[in-house]
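What follows is one structure encoded as structure tokens, with my remarks underneath.
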Amino acid sequence: MGWLSWTAFYCETDCAKHPSGCINEQLYKVQADLMVSEGYKDVGYEYVNVDDCWAQKQRDPATKRMVADHGRFKSGIKALADYVHDKGLKFGLYTDIGTTTCAGYPGELQEGDQGNYFQVDAQTFAEWGIDSLKVDGCNVDTRKMGPLYEQFGRALNDTDRRIVYYCSMPFFQARDEGGPKYKPEEIDFELMAKKCNAWRFFDDINNSWASVRSIIRYYEDGQGTYAKFQGPGAWFDPDMILAGCKTGQGITTEQARSQFAFWSIMSAPLLMSNDLRDISPDLKKILQNKGMIWVNQDERGALAQQVLSGDTGIWLKPLAKENEFAALFYNWNDDGRGYVLNLACPIENIVNDIDGALVYDVIEDFKFVNDVKRGYMLGFDMEPFGVALAKLVVYKRDNGVSDAWRTGNITRIERKANEPFPCFVTRPR
Ligand code: GLA
């Protein structure tokens, strides 16, 4: 959990024109201050992460080290990392596994297959005291990425600093424009899970519901394929949290809550990209919702899987504690008139081998909803683009353990035109 500058501030380097909204040391210091003073740190946000555009365009000619931009980061990266550490927070930096970053700043490879800067950069970053490193994937042959990420990971491990390692390989391989465009099943997620702590998958998020929806749809399509690769220390990263982000077209408060809930049930990194100087009370409530954060931080770290597909549906994630699940009910419908919908399913269609479940509303402070026995319905009203997030404590008559909980295998009910619908969607009166 933490904060990352990209989607809120992109590569704004003109500090004369945008003194409080450009990529400079002041920006990260202010966000770090607010992370503490506004209570974000208390609920679990930890990392203040720099993205692209922090470096001088040229390395130091003598030492070959990367150098922070002389004008915008006058005190240097080490001083900034120290500042962040003094607040009790952690500090993240950014580089790229190719010759240059996506915005044209120095990367890890030398031009023309002349070798790499893995050792010198790992050493430098460790000396600066970074705690996490996002390693982007522009400007490199995507077919060579696997071994490169592995090698750079080794160089980071050879330093005496523990550094969270973000890799971007799946995203770049899946979209490779000039190259082979890997299908998801051709991507080496096993390598990612072994050698990286998190990996971006699918396009850059932008501040619009269309973007959030397209990311969710991508994970729907990979149902069952991806879940086995994720666990503690190995995370799919669907990109940044938008609540409070001001760039682009923007999303509504309801949509911001839905994104946060979905990222939570996916156990995804919660990296806000916003300006903590300007967050409305409603959005702050979402960003600091203890229930959603609890679902996100559950120790089992499972990737949620879709139980019921369609424009209204359900995702389910087995939690660490025996027989506990998180269930996300969503309504991506909007006919323009703002109708609330109710989605209700027999409880055994949500978790299929149980005799009932105690249900709690996670977003509403774990309020007890009901004891739903086999054959009875569990349902929630949802605004257009809205969600409900529940904790289910399931039980069986023989006091046994739910199979779905034990194996983590979730059966998806596909909606088929000529079969009876396994749940009900109605407009509440
Ligand atoms: C890529 C990444 C983004 C961001 C930019 C920076 O597009 O996916 O998250 O880091 O590069 O240039």
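These figures come from a predicted structure and were not determined experimentally. These values consider heavy atoms only, across backbone and side chains, with no hydrogens, waters or symmetry-generated copies.
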Item to complete: Check the pair Gln306, Tyr330 against side chain to side chain donor-acceptor pair (under 3.5 Å), reporting the backbone distance first and the verdict last.
Response: CA-CA 11 Å; Gln306 206 179 25; Tyr330 67 83; 2.9 Å; yes
Assign the ring pair [X] / [Y] to parallel, tilted or perpendicular, where the plane angle (0 to 90°) is split at 30° and 60°.
{"X": "Phe9", "Y": "Trp3", "answer": "tilted"}
{"X": "Tyr219", "Y": "Phe201", "answer": "perpendicular"}
{"X": "Phe236", "Y": "Trp199", "answer": "perpendicular"}

Is the [X] to [Y] ring centre distance short of 6.0 Å?
{"X": "Phe366", "Y": "Tyr360", "result": "no"}
{"X": "Trp332", "Y": "Trp209", "result": "yes"}
{"X": "Phe73", "Y": "Trp54", "result": "no"}

To the closest 0.5 Å, what do you measure between [atom1] ([X]) and [atom2] ([Y])?
{"X": "Asp96", "Y": "Ser168", "atom1": "CG", "atom2": "OG", "result": "8.0 Å"}
{"X": "Ser267", "Y": "Glu299", "atom1": "OG", "atom2": "CD", "result": "11.5 Å"}
{"X": "Arg277", "Y": "Leu27", "atom1": "CZ", "atom2": "CG", "result": "6.0 Å"}
{"X": "Arg427", "Y": "Asp381", "atom1": "CZ", "atom2": "CG", "result": "12.0 Å"}
{"X": "Asp51", "Y": "Cys11", "atom1": "CG", "atom2": "SG", "result": "9.0 Å"}

Item to complete: Identify the two heavy atoms, one from Val359 and one from Val372, that lie closest to each other, and give their separation to 0.1 Å.
Response: CG2-CG2, 3.9 Å
Discussion item. Can you give me the closest heavy-atom contact between Pro269 and Trp235, atom names plus distance?
Written reply: CD-CB, 4.4 Å
Worksheet entry | Qualifying residue for side-chain contact (heavy atoms from CB on, under 4.5 Å) with Leu242, from Asn274, Asn206, Asn207 | Asn207
Worksheet item: Just wondering, do Tyr40 and Leu276 contact through their side chains at under 4.5 Å, heavy atoms?
Response: yes
Practice prompt. May I ask you to test the Gln110-Asn116 pair for a side-chain heavy-atom distance under 4.5 Å?
Written response: no
[X] with [Y]: basic N within carboxylate O range, under 4.0 Å:
{"X": "Glu324", "Y": "Lys391", "answer": "yes"}
{"X": "Arg72", "Y": "Glu25", "answer": "no"}
{"X": "Asp121", "Y": "Arg59", "answer": "yes"}
{"X": "Arg162", "Y": "Asp131", "answer": "no"}
{"X": "Asp275", "Y": "Lys246", "answer": "no"}
{"X": "Asp141", "Y": "Arg143", "answer": "yes"}

[X] side-chain N/O to [Y] backbone N/O, donor-acceptor pair under 3.5 Å:
{"X": "Gln56", "Y": "His70", "result": "yes"}
{"X": "Thr101", "Y": "Thr95", "result": "no"}
{"X": "Gln259", "Y": "Met240", "result": "yes"}

Practice prompt. Would you verify whether the NZ or CZ of Lys57 falls within 45 degrees of the ring axis of Tyr105 while also being under 6.0 Å from that six-membered ring's centre?
Written response: yes
Worksheet item: Do we get Lys134 above Tyr166's six-membered ring, with its NZ or CZ under 6.0 Å from the centre and within 45° of the axis?
Response: no
Worksheet item: Residues two or more places apart in sequence or in another chain: which of them pass disulfide (SG to SG under 2.5 Å) with Cys245?
Response: none
Discussion item. Please determine whether side chain to side chain donor-acceptor pair (under 3.5 Å) holds for the pair Asn139 and Thr100, giving the CA-CA distance in whole Å, both sets of side-chain angles, and the decisive distance to 0.1 Å.
Written reply: CA-CA 6 Å; Asn139 306 309; Thr100 61; 2.7 Å; yes
Determine all donor-acceptor pairs shorter than 3.5 Å in which one atom belongs to a side chain in residues 169-177; sequence neighbours excluded.
from: Gln173; atom 1: NE2; to: Thr142; atom 2: O; distance (Å): 2.9
from: Asp176; atom 1: OD1; to: Gly179; atom 2: N; distance (Å): 3.1
from: Asp176; atom 1: OD2; to: Thr142; atom 2: OG1; distance (Å): 2.4

